[in-house]
Amino acid sequence: MSAHRFFVPPETLASSEITLGRDLAHRVGRVLRLQVGDRISLLNGLGREVEAEILSISRDAVRARALGVTCPNTEPRLHLVLYQALLPSDRFEWVLEKGTEIGVARFVPLVTTRCTARPPAGDLARKRSRWQAVVRAAAEQSHRALLPEVTAPATLQAALGGLSGPGLLAWEDSRRPLKSALPELATQDVLALFVGPEGGFTSEEAEAAQAAGLTIVSLGPRILRAETAGPVLAALALYAAGEL
Ligand code: SAH
């Protein structure tokens, strides 16, 4: 396994002669200053890792030869989807980074009544690619085999409407301790986790979530900042699932 890991489009790994584009050429040649003959790990983001030897590096492309394929065993069995209410940019990115390291499988930026941060109107595509880049860097660093996805922002209502499996919503006014809900939920294949914005969920939102089948839980008597609550909840869910 090489120390240098890169998620690449899955189709680039279809044959043993691999050509990677300008973006990778920049990272490999300019940023890391790797050389012909060096080894790199290329990940398809879906669980496969290809060990490869660099054959050539130019400004526009890196060519490499595949040496072997593995399927690293670093992914949790429990597929966590973190619905995190939007936060000011740097703190939202922090959640993406820490959530990825911990093992979240998918992030859904959530728009709720008390969100002060709003999805960027004009440049949502740019924002999403920035979010995806944060996740990719964290996933490479933390040896993820699956590249977590950041979806487009969704309203709480839409998110609840689209939910097909079990889920938890963290609400500071709940009297149900997380500990009483986790053992059963952590045995599932997929678990949705909902965390509100700095101002919290409204009681109407908590009621709507309950009506949609979510379990409303407390994270204890201390109030965590929203960007703390997401990663803490993810870590505790994976711990209960026996994955930490
Ligand atoms: N509105 C609250 C704080 C919200 S904290 C207030 O100002 O008092 C931001 C989010 O983190 C909440 O929406 C909730 O999802 C989660 N959270 C933080 N601490 C929590 C706790 N002790 N129990 C449950 N959820 C918590």
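Each ligand, and each atom within it, is numbered from 1 in the order the structure gives. Everything numeric here is computed off the predicted structure, so don't read it as measured data.
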Participant: What's in the same ILVMFWY side-chain cluster as L42, cut-off under 4.5 Å, chained through other members?
Facilitator: F6, V8, L13, I18, L20, L24, V28, L32, L34, I40, V50, I54, I57, V62, V69
Participant: For the pair E93 and R130, find out whether any cationic side-chain nitrogen is under 4.0 Å from an anionic carboxylate oxygen.
Facilitator: yes
Participant: Taking only residues two or more places apart in sequence, or in another chain, which ones meet F107 in a ring pair (Phe, Tyr, Trp, His ring centres under 6.0 Å)?
Facilitator: none
Participant: So does R65 pair up with E53, basic N to acidic O under 4.0 Å?
Facilitator: yes
Participant: Suppose we screen for ring pair (Phe, Tyr, Trp, His ring centres under 6.0 Å). Which residues come up paired with F201, at least two apart in sequence or across chains?
Facilitator: none
Participant: Using a 4.0 angstrom limit on heavy atoms, which residues are close to ligand 1?
Facilitator: A170, W171, E172, V195, G196, P197, E198, G199, G200, F201, V217, S218, L219, G220, R222, I223, L224, A226, A229
Participant: I need the E227 CD to Q84 CD distance, nearest 0.5 Å.
Facilitator: 8.0 Å
